[in-house]
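Remember, it's 1-based here, ligands and their atoms both numbered in the order they're listed. In this chain, residues are counted from 1 in sequence order.
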Amino acid sequence: MSDLNVLQKTLALHEARWWEPEANGRVHCYLCPRHCHIHPGQGGFCFIRVNRDGRLFTLGYGSPAALQVDPIEKKPLNHFLPGTRIFSMGTAGCNMGCFFCQNWDISKSHQDQVNSQPVAPEQVPLLAIRHGCDAIAFTYNEPTIWGEYVIDICKAARPLGLKTVMVTNGYITYDAFHEVYDHIDAANVDLKAFTETFYGKITLTHLEPVLDTLRWLKNETSVWFEITNLMIPTLNDDPEETRKLCDWILENLGPDVPLHFTAFHPDFKLQDKPATPPETLHRARRIALEAGLHYVYEGNIFSEAASTFCPSCGMLLVERSWHKITKNRLKEGHCPTCDLAIPGVWSRVQSQIRQSSVL
Ligand code: SF4
């Protein structure tokens, strides 16, 4: 057997955390709120956590299906190391069943259906540095389901000065939450809608666990986080729903959590809905600003609302064209006109300016 095959076999059979044995060789995975009960020889809903002879293994460990360098604004993160490159990676599988998934080719695949290559956790930061990146993103599919790999990559990345980012659907249990997020520097959480109907029918999950994760991030960690709401015509773009979503953020997370309204394009099982009209995003942004949120962005369309404005004096602070920074007027994280401290992590040497407390 070649060295590559030995490495692949070693990494592919990594025993999972967050499980317990049950009767008749079944195992209970409690990494995410699905709480799969998995029979021997079978996998969980996410495909990559499998029961082999009464023990749970994670096939995602050391087997990325996608490796790429992206601008950090693409995650999207607008208040975290703007203008930098981020080494981005994902595996097969997902714990949600979103009909509109734009990465369905990997998220709806089993491990043996994707082109993966063996990459040990210690290799990932070295690859990131070689490609001129300041941070590593766990993204493309849901990184919670390969949390063991995420943790070991973070442990290797931190001593080398690299930051780590979760791009997540927020579907994780409290049992696993701190074990993962205590290693993480920033996150973008998809809040896909603000109705249980949408979560139940379109993502095959539930809303409340995602709201729990957002509360834990705010109240129990120092992770910098932003929120994305992908607006799909007729499914989650009702102005009343947007208003409720914004009010919830304001009440539970405060006004300074950046919120990204992004445009949907027909994909996967949701081909019968049109692309989101720009006016829908403009309307949602107006609602969010009226509700009292300070940093509201539009994404997946060309828009002036990709830029950061001072909520106090209105000054254009960080100008963006798509994912490119064209001007950055911030002075050590402050507005140069009125000196307001703008929450975020604006440089690698500057410590985080915290989001303000809940009102
Ligand atoms: S992580 Fe996967 S196996 Fe575990 S409960 Fe969630 S969907 Fe099921």
- line: For Ser107, the side-chain hydrogen bond (donor to acceptor under 3.5 Å, both in side chains) test, sequence neighbours excluded, returns none
- prompt: Between Phe80 and Trp224, does the ring centroid distance fall short of 6.0 Å?
  reply: no
message: For a quick check under 3.5 Å, do Thr308 and Tyr297 share a side-chain donor-acceptor pair by atom type?
response: yes
message: Does any part of the side chain of Leu317, heavy atoms only, come nearer than 4.5 Å to the side chain of Pro336, both counted from C-beta?
response: yes
task: Output all residues satisfying side-chain hydrogen bond (donor to acceptor under 3.5 Å, both in side chains) with His35, sequence neighbours left out; order by chain, then residue number.
output: His28
Closer than 2.8 Å to atom 6 (Fe) of ligand 1 - protein N, O or S atoms, ordered by chain and residue number: Cys32 SG
field: Results of side chain to side chain contact (heavy atoms under 4.5 Å, CB included) for Val210 - residues two or more places apart only
entry: Met96, Tyr171, Val189, Leu191, Tyr199
